[in-house]
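See structure below.
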Amino acid sequence: MTLAAQLLDWYYKNARDLPWRKDKDAYKIWVSEIMLQQTRVEVVKDYYKRWMDRFPTLEILAQASEQEVLNYWQGLGYYSRARHLLSGVREVCLEYGGKVPDNPATIQRLPGVGEYTAGAIASIAYNRAAPAVDGNVLRIFSRLFCLDGDIAKSATKREIDRLIRQHIPSQCPGDFNQALMDLGAMICIPRRPRCQLCPLTNLCEAYAREVQDTLPVRATKKAPQLIVLAAAVVLRDGKYLVRQRTKAGLLAGMWEFPAIEVVEDEVAVERLKEELWNELRQAVCIKEKMSHYLHTFSHRKWDISFYQCEWLAGDDLTDKACWLSASELSTVPWAGPHYKVALLLGQKAVK
DNA sequence: AAAACGGGGTG
DNA sequence: CACCCAGTTTT
């Protein structure tokens, strides 16, 4: 028995029943793979179903607005994934006649699609013998072959990609890749792997040496940088003042209550008042702090305070800001903790 | 090669 | 609280 045969025997008895495994539609595989990047399966399930109710085909998604797409992505994180997916399906409509290409290299040219996702789509939707090396595969192979290189480094990834190519079966590469996902999710898990249930222990070098708990090796990430912010909640005639973040960078294109970064020991409320006047031409009187949140991103930590403000006077707003009623707060995608305040103020349905 | 890019679950 | 998750793009 080969590694692939042992793995597939196990997979055909134990495969998870997942919403995106109902058929091999390349668009559906694509959406699921993008949602699953750095995101847990359990979280993706509901988003995926909601998404397919609204955007059941590639053509329907291609016609949607970016704001609506971002709204459906709200809470999933890494929002560039949604923007890339939208531009990607539009590209497929225009350049490939609405059919997702079947060649891994061609698929990888689509925005938001890297080596992993291209391999996953090609192997699962089209049965092409392409590897799909994700976190699960890195973990499983680092244990199988006792590789102690940092799996965050490209050298280690190249080494594992090479090993995969020696084991991927040409008949059913998609099942092989998905079997590795399931093995990594259910058996060869990050901490305390369930080796007694594993179909590959007879091949596993780490198991033989009893070092499976020490692998894979991953360098520890540095602590996120602390950013102190102050945000203004301005109410005028039943509507709230909101603005859109810039097109690039963190939470690009998402909406927020006007906010500033508080540097050193500046007086937050004074700077906030100046910002509203300088940037939005609104005169306000800052009242009491209404809420305070600590919000940690992968690389940054926000300490953000929301201040209730009384509107005094102001010009009409220009392009990137507007007044929204409480019920309209649910119509825009929100930036991080601003979503919690929008929920508080509006009637946005809890997901 | 390293940093940017989100949010939530888990032990 | 540290760590992790079906990674990709930019620097």
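Basis for what follows: all heavy atoms, side chains included, without hydrogens, waters or symmetry-related copies. Throughout, a chain's letter reflects where its sequence line sits, starting with A, and its residues are numbered from 1. Fair warning: this is a prediction, and the values are worked out from it, not measured in the lab.
Val44(A) comes within 4.0 angstrom of no nucleic acid atom, judged by non-hydrogen atoms across all strands. In this structure, Ser32(A) reaches neither bases nor backbone, as no heavy-atom distance under 4.0 Å exists between it and the strands shown.
Not one N or O on the side chain of Tyr307(A) forms a donor-acceptor pair closer than 3.5 Å with the backbone of Ser291(A). With hydrogens and angles ignored, the 3.5 Å screen pairs a side-chain donor or acceptor of Arg50(A) with a backbone N or O of Tyr72(A). Formation of a donor-acceptor pair under 3.5 Å by the Asn103(A) side chain with backbone atoms of Arg128(A) is not found in this model. With hydrogens and angles ignored, the 3.5 Å screen pairs a side-chain donor or acceptor of Arg90(A) with a backbone N or O of Ala62(A).
Salt-bridge annotation for Glu159(A) and Arg162(A): present, with a side-chain N of the basic residue lying under 4.0 Å from a carboxylate O of the acidic one. Salt bridge annotation for Asp182(A)-Arg21(A): present, with a cationic side-chain nitrogen under 4.0 angstrom from a carboxylate oxygen. A salt bridge links Asp161(A) with Arg165(A): the distance from a Lys NZ or Arg NE/NH1/NH2 to an Asp or Glu carboxylate oxygen falls below 4.0 Å.
A distance of 6.0 Å or more separates the ring centres of Tyr240(A) and Trp255(A). Separation of the Tyr48(A) and Trp20(A) ring centroids falls under the 6.0 Å cut-off.
dC3(C) and dG6(B): their C1' atoms are spaced 15 Å apart (whole Å). dG8(B) and dT9(C) are spaced 23 Å apart, taking the C1' atom of each and rounding to whole Å. Annotation: dT8(C) and dG9(B) have their P atoms spaced 24 Å apart (nearest Å).
Within residues 158-190 of chain A, the residues having any heavy atom under 4.0 Å from DNA chain C are, by residue number, Met181(A), Pro190(A). Only Asp134(A), Gly135(A), Asn136(A), Arg139(A), listed by number, bring a heavy atom of residues 119-156 of chain A to less than 4.0 angstrom from any atom of DNA chain C. Of the residues in residues 15-23 of chain A, those placing a heavy atom less than 4.0 Å from an atom of DNA chain C are Arg16(A), Leu18(A), Trp20(A), Arg21(A), in numerical order.
Val234(A) is connected to Val269(A) through a chain of hydrophobic side-chain contacts under 4.5 Å among Ile, Leu, Val, Met, Phe, Trp and Tyr, so both are in one cluster. Phe145(A) and Leu215(A) fall into different hydrophobic clusters, defined by Ile, Leu, Val, Met, Phe, Trp and Tyr side-chain heavy atoms under 4.5 Å apart, directly or through other members.
Taking both residues in full, the closest heavy atoms of Glu59(A) and Gly98(A) are given as OE2-O, 4.0 Å, listed atom of the first, atom of the second, then distance. Here the shortest heavy-atom pairing between Ala321(A) and Leu280(A) reads CB-CD2, 3.7 Å.
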Q) How would nucleotides 4-11 of chain B be written as a contact map, 5' to 3', with B for base contact, S for sugar-phosphate-only contact and - for no contact, using protein heavy atoms under 4.0 Å? A) SBBBBB--

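Between Lys221(A) and Ala118(A), the one whose closest nucleotide on DNA chain C sits nearer the 5' end is Lys221(A).
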Q: Please lay out, stage by stage, how Tyr11(A) and Phe176(A) fare under the test ring pair (Phe, Tyr, Trp, His ring centres under 6.0 Å).
A: CA-CA 8 Å; Tyr11(A) 178 67; Phe176(A) 177 78; 10.0 Å; no

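Side chains of Asp319(A) and Gln244(A): a donor-acceptor N/O pair is absent below 3.5 angstrom, by distance only.
Contacts classified as salt bridge (Lys or Arg N to Asp or Glu O under 4.0 Å) and involving residues 106-125 of chain A (residues at least two apart or in different chains) are not found.
Protein chain A contacts DNA chain C from dC3(C) to dT9(C), reading 5' to 3' and using non-hydrogen atoms of the protein with a distance under 4.0 Å.
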